[in-house]
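Worksheet for the structure shown next.
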Amino acid sequence: MSEKKVNVAVVGATGAVGNQMIVCLEERNFPVKSLKFLASARSAGRMLRFRGDMTAVEELTENSFKDVDIAIFSAGAGTSEKFAPIAAQCGCIVVDNSSQWRMNPDIPLVVPEVNPHAIAAYTKKGIIANPNCSTIQMVVALNPIHKKCGIRRLVISTYQAVSGTGKKAVDELFDQTRAMMNFQNYETKVYPHRIAFNCLPHIDKFMENGYTKEEMKMVNETRKILEDDRIGITATTVRVPVYYSHSESVNVETLQHISADEVRSLLQNAPGVKIMDDPQNNVYPLATDAAGQDLTLVGRIREDKSIENGIDMWIVADNIRKGAATNAVQIAEILAKDYL
Ligand code: A2P
């Protein structure tokens, strides 16, 4: 990394992802010159720590971005819709974790292990979008296969952690679990049904086509990142009572044949991937393995004998780290190194 030091702002610094962004900037030794914490008026004055220094959170306003080089946003789509263009107009490069700008053709959607070249197009709007968490981990694992033999179709089922919904959902799972274990009544505030000891086939809003928005994010964002609109994709996304890490069952139909062993050796050398695939010894990726680290874990790699060219796999990653904060900070690292 070059020695250029960067003025950084984290928008949504008090949230689950924003907090992790601050941790990632510190852990990865990002070349921070100054760091500004921005959130809503509710949090103004709250103190947050970075590299041993405590700094007060400031209220996000139109004047927040003067002298900021890179602003990493994770404060919801509405906040990004309003403030990302304002930040960009101030000459600041925005890395946006919300869904607001992801499918805008003038805005790159980037997973550094897959399409770092796309970052160059940030000059059009001054904004780079960070993909949906479940999409990021999947394309990290699929990109080498797509490059080698072409992907025709994906059939995906996800098992997604409550932290993807934010802090309130983490609290709701804890409170409901504790209430039930103590034979007490529980409240349901964040999700339409109880999440404790349950699985909800419902993430984000339902759309007219019967899919949820989360499912359609996986369809559209995967095609954009892999730069191939011909891939057929169908997904069912499910919220499960897990705090951290999303797990995914992915059935991959390829254009050319590839064996399970060939997939293993491809992924052995793939950036950001770790294979955990020794089922005879009960080795396969678990949410608990993925939580707190940045690799995408892949296991249960096997040939789908029901079709000519098919592979099944199980893909797990920390949704708050690689699925959000780490990916955004990796993008910022490339900006700092190659573009500032
Ligand atoms: P605040 O804590 O002040 O509400 P999470 O997804 O974990 O709920 O976090 C959402 C983050 O986005 C929080 O940091 C939250 O700040 C921030 N946020 C939400 N709405 C706004 C807003 N209108 N302006 C600035 N920050 C916002």
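Counting starts at 1 for both ligands and their atoms, following the listed order. We number each residue from 1, following the sequence as shown. Predicted, not measured: the structure shown is a model, and the values here were computed from it.
- Of the possible polar contacts, none joining the Asn143 side chain to the Val140 backbone as a donor-acceptor pair under 3.5 Å is found.
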Can you list, pair by pair, the side-chain donor-acceptor contacts under 3.5 Å of residues 50-59, counting residues two or more places apart and other chains?
residue : atom : partner : partner atom : Å
Arg51   : NH2  : Phe30   : O            : 2.7

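- Applying the ring pair (Phe, Tyr, Trp, His ring centres under 6.0 Å) test to pairs two or more places apart or on separate chains, those with a residue in residues 111-156 are Tyr122-Tyr339.
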Sequence neighbours excluded and cut-off under 3.5 Å, please list the side-chain donor-acceptor pairs for residues 148-159, or say none.
residue : atom : partner : partner atom : Å
Arg152  : NE   : Glu253  : OE2          : 3.4
Thr158  : OG1  : Gln160  : OE1          : 2.8
Thr158  : OG1  : Val238  : N            : 3.2

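- Taking the six-membered ring wherever Trp is involved, the centroid distance between the rings of Tyr186 and Phe174 does not fall below 6.0 Å.
- Inspection of the Glu214 and Asn132 side chains reveals an N or O donor paired with an N or O acceptor under 3.5 Å.
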Could you go through ligand 1 and note, for every N or O atom, any protein N or O atom closer than 3.5 angstrom, writing the atom names and distance to 0.1 Å, or 'none'?
residue  : atom   : partner : partner atom : Å
ligand 1 : 2 (O)  : Thr14   : OG1          : 2.6
ligand 1 : 2 (O)  : Ser43   : OG           : 3.1
ligand 1 : 3 (O)  : Ser40   : N            : 3.2
ligand 1 : 3 (O)  : Ser40   : OG           : 2.5
ligand 1 : 3 (O)  : Ser43   : OG           : 2.4
ligand 1 : 4 (O)  : Ser40   : OG           : 3.4
ligand 1 : 4 (O)  : Arg42   : NE           : 3.2
ligand 1 : 4 (O)  : Arg42   : NH2          : 2.8
ligand 1 : 7 (O)  : Ala16   : N            : 2.9
ligand 1 : 14 (O) : Gly12   : O            : 3.1
ligand 1 : 14 (O) : Thr14   : N            : 3.3
ligand 1 : 14 (O) : Thr14   : OG1          : 2.6
ligand 1 : 14 (O) : Gly15   : N            : 3.0
ligand 1 : 16 (O) : Thr14   : OG1          : 3.2
ligand 1 : 26 (N) : Ser40   : N            : 3.2

